[in-house]
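Let me begin by presenting the structure, written as structure tokens, before commenting on it.
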Amino acid sequence: MDFKKHIAERIEAGGLSQDEIYTMLALPPNTEMGDFALPCFRLAKTMRKAPALIAQEIADAYPTDEIVSEVSAVNGYVNFRIDRVFWAKQTLSRIFAEREKYGSSDEGKGKTVCIDYSSVNIAKPFHIGHLSTTVLGSSLYKLHKFLGYTPVGINHLGDYGTQFGKLISAYKRWGRKEDIERGGLRALNALYVRFHEEAEKDPALNDEARSFFKKIEDKDEESVALFEWFKELTLKDVSKIYDLLDVHFDSWAGESFYNDKMQPVVDELREKGLLKESEGAQIVDLEAYGMPPCIILRSDGASLYATRDIAAAIYRKQTYDFYKCLYVVAYQQNLHFKQFFKVLELMGKEWAKDLVHVAYGMVSLEDGSMSTRKGKVVYLEDVIEKCVEKALGIITEKNPSLENKEAIAKTVGVGAVIFGALYNNKIKDITFSYDKVLNFDGETSCYVQYTCARANSVLEKGGHAGGFAVGNICVQEFELIKVLADFPGVLHDALEKYEPCFIARYAVDLAQVYNKFYFDCSILNAEKEVRGFRLALTEATLIVLKNALGLLGIGVPEKM
Ligand code: ARG
């Protein structure tokens with residue numbers, strides 16, 4: 001229930017609308033003062049009275065009811081206190097009624113949102129640099145679905161470009177089918193690296209690569225078959241990781257999918273007088289917008305990354321009639337997105353305003369290594385594997401007799417990798433540290449998972465709550481209720497700002513507040529009525545923590 005709305009509807013002040021009052025209602029610095037506060041300083045001007053007097057008048061006129069139990073005026077603020085029992089009953093009944101749906105809504109009903117994420121490149125390593133786009137995009141996908149939208153997950157595969165000519169040339173010279181079958185992506189990448197080394201000594205190789213690429217374009221049977229095989233091998237390898245991370249896509253339409261969809265774009269640009277020739281290339285001049293030109297066709301007539309993105313956006317609009325189209329791509333590509341969004345706007349596509357670049361920062365490892373830069377590739381698969389292995393070590397040490405350790409370590413280790421990438425504001429560069437993401441006492445998924453295991457064990461011993469009565473509510477219980485009640489609002493904000501980190505932080509907060517309650521208040525040894533209520537709080541916490549982690553793509557083991 002929206003208490004702010006309830007309060008705002010019952011206040012008349014200085015001719016302000018309910019919406020204005022709603023936005024003015026704030027959270028007091030501590031709950032001793034109240035649960036919501038209305039600062040009256042802004043009203044002093046229009047009402048021509050001292051804030052303290054206005055606050056007093058509003059407080060006197062406010063009709064308390066079963067929801068708002070107390071109103072007081074303090075130093076120019078009106079403080080409102082929500083009835084604890086009402087709040088607790090409301091929150092817990094909603095959680096128990098909705099359970100794994102608690103927090104969901106239908107606010108996105110009828111709205112389709114395309115989400116372009118992960119978008120890996122064929123025959124290139126799936127490295128730590130892809131972690132953020134993959135888990136951010138996947139979480140945004142789940143979140144949109146939970147809030148009633150129709151998400152379309154798109155893996156805009158990097159499956160077009162001269163590099164495939166290089167790969168064919170390298171394969172024909174040094175590759176062996178069995179090695180590639182066995183080695184997958186890594187073997188392909190090794191071929192690619194070798195090509196570059198050899199081409200440095202023998203630049204003629206580059207011509208050979210170009211001619212192979214041309215062969216793909218001309219649909220030469222052998223070259224196309226090799227390319228398709230590389231693609232298949234790549235998808236087989238990355239799918240293993242997607243499965244581990246619980247990541248899914250509805251469309252795998254990559255760059256090559258738009259091969260036959262760019263000519264109409266070029267024609268339209270020309271028709272609209274947007275195309276200009278510059279040094280043989282066809283460009284859209286963006287100088288007026290403070291940007292370098294967007295190159296549409298190279299001087300040899302070849303299309304570019306941007307050309308494909310323009311065609312893809314138009315295709316997506318036609319196919320899905322999206323409400324929004326999100327691109328979860330690193331901030332290094334800021335300019336690219338600004339440019340092609342602008343080109344679409346100049347083409348008169350009014351929906352260009354619905355394209356959103358959801359930019360995020362870089363991930364590096366503690367030892368300073370980062371993807372391909374130093375030629376040192378950190379494969380995402382290796383990071384996950386190492387995390388799972390370390391998780392197994394920690395779990396075995398903490399709880400040697402635990403059954404099913406391997407499966408639990410997998411859930412914990414994979415969760416730690418995901419959570420590590422989602423805990424901070426997405427735009428921040430992060431340094432990935434195994435010790436940090438696997439710290440059971442830190443701001444981590446394992447801390448949250450561990451709290452779930454604790455709640456599970458309380459419920460196992462105490463029996464599930466079923467019905468509950470609410471009597472006096474202590475501070476720890478009340479803090480817990482407030483956080484539990486917050487969840488739907490947090491999800492709404494997370495979606496609005498495209499910040500799954502709000503959910504991650506929320507999960508840690510809730511776990512902390514629950515643990516405080518767990519240590520301060522006895523649950524199983526409390527007297528009957530209190531015991532029932534505390535068990536209900538425990539079960540509600542478990543439900544909400546599971547929902548929160550689930551939206552991040554993280555599972556919850558029963559025991560740890
Ligand atoms: N494959 C690209 C890369 O690795 C990312 C593609 C992002 N999506 C897009 N529509 N441009 O940089």
Decide, yes or no, whether a salt bridge links K410 with E406 under the criterion of side-chain N to carboxylate O below 4.0 Å.
no
So CD of E403 and CD of E558: to nearest 0.5 Å the spacing works out to 12.0 Å
So salt bridge (Lys or Arg N to Asp or Glu O under 4.0 Å) across residues 155-175, not counting sequence neighbours, yields D159-K231, K172-E222, R173-E208
**Message:** Applying side chain to side chain contact (heavy atoms under 4.5 Å, CB included) to Y117 and V135, what does each step give before you reach the verdict?
**Reply:** CA-CA 9 Å; Y117 60 105; V135 298; over 6 Å; no
### Task
Assess the pair F230 and F164: is the distance between their ring centroids shorter than 6.0 Å?
no
Rounded to the nearest 0.5 angstrom, the CG-CE distance for L335 and M291 is 7.0 Å
Is the terminal nitrogen or CZ of K426 (NZ for Lys, CZ for Arg) located under 6.0 angstrom from the six-membered ring centre of Y498 and within 45° of that ring's axis? no
Would you please say whether a donor-acceptor pair under 3.5 Å links the side chains of Q333 and Y305? yes
Check: Is the centre of the H248 ring less than 6.0 Å from the centre of the Y242 ring?
Finding: no
Review point. So, does Q339 use its side chain to make a donor-acceptor pair with the main chain of A306 at under 3.5 Å?
Key: no
Closest non-hydrogen contact found for T411 with P557 is CG2-CD, 4.1 Å
Using 4.0 Å as the upper bound for N to carboxylate O, is an ion pair formed by E181 and K177? yes
* Distance under 6.0 Å and angle within 45° of the ring axis: does K317 meet both against F322? -> yes
NE2 of H156 to SG of C114, rounded to nearest 0.5 Å, is 12.5 Å
Between N547 and R99, is any side-chain donor less than 3.5 angstrom from a side-chain acceptor? no
Practice problem: Would you please indicate yes or no on a ring centroid separation below 6.0 angstrom for W229 and Y171? | Solution: yes
Quiz prompt | Distance under 6.0 Å and angle within 45° of ring axis: K261 vs F257 | solution = yes
May I have the step-by-step check of side chain to side chain contact (heavy atoms under 4.5 Å, CB included) for V544 and Y102, ending in yes or no? CA-CA 7 Å; V544 179; Y102 175 65; 3.6 Å; yes
So side-chain hydrogen bond (donor to acceptor under 3.5 Å, both in side chains) across residues 278-295, not counting sequence neighbours, yields K276-D285
query = Around K214, counting heavy atoms of other residues, nucleotides and ligands shown, do more than 12 lie under 6.0 Å from its NZ?
reply = no
Between D243 and K240, does at least one N-O distance fall below 4.0 Å, as a salt bridge requires?
no
Here the side-chain hydrogen bond (donor to acceptor under 3.5 Å, both in side chains) pairs for residues 104-115, sequence neighbours left out, are S105-E107, E107-H492
Pair Y141-D250, side-chain donor/acceptor within less than 3.5 Å:
yes
